[in-house]
Number of protein chains: 2
Amino acid sequence: MRLVIAECSVDYAGRLSAHLPLAKRLLMVKNDGSLLVHSDGGSYKPLNWMSPPCVLTTVEPDETQAAAGITELWKVTHKKTGDALIVSIHEVHHDSAHELGVDPGLQKDGVEAHLQKLLAEQIELLGDGYRLIRREYMTAIGPVDILATDATGASVAVELKRRGDIDGVEQLTRYLELMNRDPLLAPVQGVFAAQEIKPQARTLAQDRGIRCVVLDYDAMRGLDDSDSRLF
Amino acid sequence: MRLVIAECSVDYAGRLSAHLPLAKRLLMVKNDGSLLVHSDGGSYKPLNWMSPPCVLTTVEPDETQAAAGITELWKVTHKKTGDALIVSIHEVHHDSAHELGVDPGLQKDGVEAHLQKLLAEQIELLGDGYRLIRREYMTAIGPVDILATDATGASVAVELKRRGDIDGVEQLTRYLELMNRDPLLAPVQGVFAAQEIKPQARTLAQDRGIRCVVLDYDAMRGLDDSDSRLF
DNA sequence: GGCTTTATCTCGTAT
DNA sequence: ATACGAGGTAAAGCC
């Protein structure tokens, strides 16, 4: 992510035409090439922006533009729609770049979060001798919902979903590949747990040696009297 | 505006509960106290945020939190709803503040400027034989959007609006009164052109002998190949 | 992948 | 002030 504070004017042409007069603003260039133009007020919506997929190119200002005080010209075009955003920069006050990496993303607490909490408390539902290591076990590619050990002490990675679909199996597969490369964890067994598991997902999981567990949410809630406290 | 790049986790409690696991993100603190938490991808929507009016306070982490690696705690609460956003900062990688001032704000040209340009180019939309005299024809009380002549060579004053309201008809009426006193122009016919004309405005216009024309912006754009050049 | 519904929606406008 | 509808809506859920 690149952060630039600059005196600039902005023109947008796409579904509509819009113009931002010259003023000092924040230009946020994300890793995917998308651009956000923010002022020091308003809500979270930028004054103007370009959504991915798009490309940012810097153009050399021509004589007229240079005479008008433009020192840099950014052109951001959307790859599909052809929408264009043109940023005319007059003066740069700040310019810094930062490596942020992939974000694990927002968890909206609802049924899945509650399911995770309940299963963590009732980890023996997976089998006798199972013990919880931790929830949200962090890996380089994101957090695994639950990490546990089975009766033999071997690691078990649990992926939780309300509706178990192929996507969830793929996700768990990626985690397992990564974790099995870690000598401190390997061998790691996979468990795909959901209130409902689609036949395709079940077939794929079994094909990859991943155990499928269907969870009874209501029964799990019934066992847990802390339910009234919610979280 | 303050920009902070930090390892942080975020919890939101308001209309819903949500959580962001520990990761490196951008924290944007606007002048009004509002906060935006951005990752290096996604759309213009932040991962999490607090809208104004709100207040940001920094809290000293307690022993447990400090032991967990939290060096700073930000608490942003909405003044009316009481929604709260809690940012647990583990490590700050960048921290800078910038004075941006008040933004002049976005001008949506789709409204009038673009319409005027398009209608000037496609003046025959008003009728066969129409010819453009000039845009922004100056009078003593201000510029008339478009001055043209009809097939007979008589003057036509065009008032353009995105949404045709009574105000626009009144404005055009004033121009027409003035221009009809000019022997070089008189008689001047009035045309009220807009993407949408309100019934009250239409009634008033017709009562004053002003012709109403509804413009199809998209069709006019489609006819204008200069649109593909963007600027 | 395409479609429908939702949103801590935001934002403007009319009442 | 509040209600209503559009948005460069974006994002989640569902078939």
Side-chain angles (χ1 to χ4, degrees), chain A residues 10-20 30 32 34-39 41-54 76-86 103 105-112 161-168 194-196 198-201, chain B residues 10-20 30 34-39 41-54 76-86 103 105-111 114 161-168 194-196 198-201 217-218 221 227 230:
Chain A
V10 182
D11 289 278
Y12 168 75
R15 304 258 187 113
L16 58 80
S17 299
H19 175 73
L20 280 170
K30 293 197 174 185
D32 51 13
S34 61
L35 177 76
L36 279 63
V37 182
H38 266 281
S39 66
S43 66
Y44 67 70
K45 195 179 178 182
L47 293 166
N48 222 324
W49 72 93
M50 185 60 72
S51 315
C54 61
V76 191
T77 47
H78 195 277
K79 279 178 181 166
K80 290 184 175 177
T81 64
D83 290 14
L85 195 68
I86 291 177
D103 200 281
L106 188 70
Q107 295 174 8
K108 291 191 178 179
D109 290 347
V111 176
E112 186 179 325
K161 292 289 175 197
R162 197 171 65 81
R163 285 184 45 241
D165 226 325
I166 283 192
D167 288 352
Q195 278 186 274
E196 172 201 357
K198 289 291 172 75
Q200 292 180 341
Chain B
V10 183
D11 289 278
Y12 169 77
R15 306 248 188 120
L16 57 80
S17 297
H19 174 72
L20 280 171
K30 293 197 175 186
S34 61
L35 178 76
L36 280 62
V37 183
H38 266 281
S39 66
S43 64
Y44 65 69
K45 194 178 179 180
L47 294 166
N48 219 326
W49 72 94
M50 185 59 72
S51 314
C54 61
V76 190
T77 47
H78 196 276
K79 280 177 181 167
K80 291 184 175 178
T81 63
D83 291 13
L85 195 67
I86 291 176
D103 201 279
L106 189 68
Q107 297 173 5
K108 291 191 178 180
D109 290 342
V111 191
H114 202 192
K161 292 287 176 200
R162 193 173 68 83
R163 287 184 42 246
D165 227 324
I166 283 193
D167 290 351
Q195 276 188 276
E196 173 200 357
K198 289 293 170 72
Q200 292 180 341
Y217 181 53
D218 291 329
R221 288 184 65 165
D227 194 50
L230 294 172

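By convention in this document, chain letters (A, B, ...) are assigned in the order of the sequence lines, proteins followed by strands, and residues within each chain are numbered from 1.
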For A:Asp165, is there an ion pair with A:Arg163 - N to carboxylate O distance below 4.0 angstrom?
yes
Between C:dC11 (C1') and A:Leu16 (CG): distance, integer Å:
13 Å
When all nucleic acid strands are considered with a 4.0 Å heavy-atom cut-off, which category describes B:Lys198: base, sugar-phosphate, or nothing?
sugar-phosphate
Please give, in whole Å, the distance from D:dA10 C1' to A:Tyr44 OH?
8 Å
Applying a 4.0 Å non-hydrogen cut-off, can you work out what B:Asp165 is touching in the nucleic acid: base, sugar-phosphate, or nothing?
sugar-phosphate
Could you tell me how far apart A:Asp167 (CG) and D:dG13 (P) are, to the nearest whole angstrom?
12 Å
B:Lys45 vs A:Arg162, nearer the 5' end of DNA chain D by closest nucleotide:
B:Lys45
In this structure, how many angstroms lie between the P atom of D:dA10 and the CG atom of A:Asp32, rounded?
13 Å
Expressed in angstrom and rounded to an integer, what is the separation of B:His38 atom NE2 from D:dA10 atom P?
14 Å
A:Gln200 CD: over 12 foreign heavy atoms closer than 6.0 Å:
no
Round to the nearest Å and state the distance from A:Trp49 atom CH2 to D:dA11 atom P.
11 Å
To the nearest 0.5 Å, what is the distance between CD1 (B:Ile86) and CE (B:Met50)?
9.5 Å
Using a heavy-atom cut-off of 4.0 Å across all strands, would you classify A:Thr81 as base, sugar-phosphate, or nothing?
nothing
Whole angstrom value for the distance that separates C1' of D:dT9 from CG of B:Leu106:
15 Å
If you only use heavy atoms from C-beta on, which nucleotide in C:dC9, D:dA11, C:dT10 is closest to the side chain of B:Ser43?
D:dA11
Check every strand shown and say whether A:Met50 touches a base, only sugar-phosphate, or nothing at a heavy-atom separation below 4.0 Å.
base
Please name the pair of heavy atoms, one in A:Pro52 and one in A:Ser34, separated by the smallest distance, quoted to 0.1 Å.
CD-CB, 3.6 Å
Value for CG (B:Asp83) from OH (B:Tyr12), rounded to nearest 0.5 Å, stands at 3.5 Å
Listed nucleotide nearest any side-chain atom of A:Arg15, set D:dA10, C:dC9, D:dT9
D:dT9
Spacing of A:His78 atom NE2 relative to D:dT9 atom P, expressed in whole Å:
11 Å
5'-most contact on DNA chain D: B:Gly42 or A:Arg163, nearest heavy atom basis?
B:Gly42
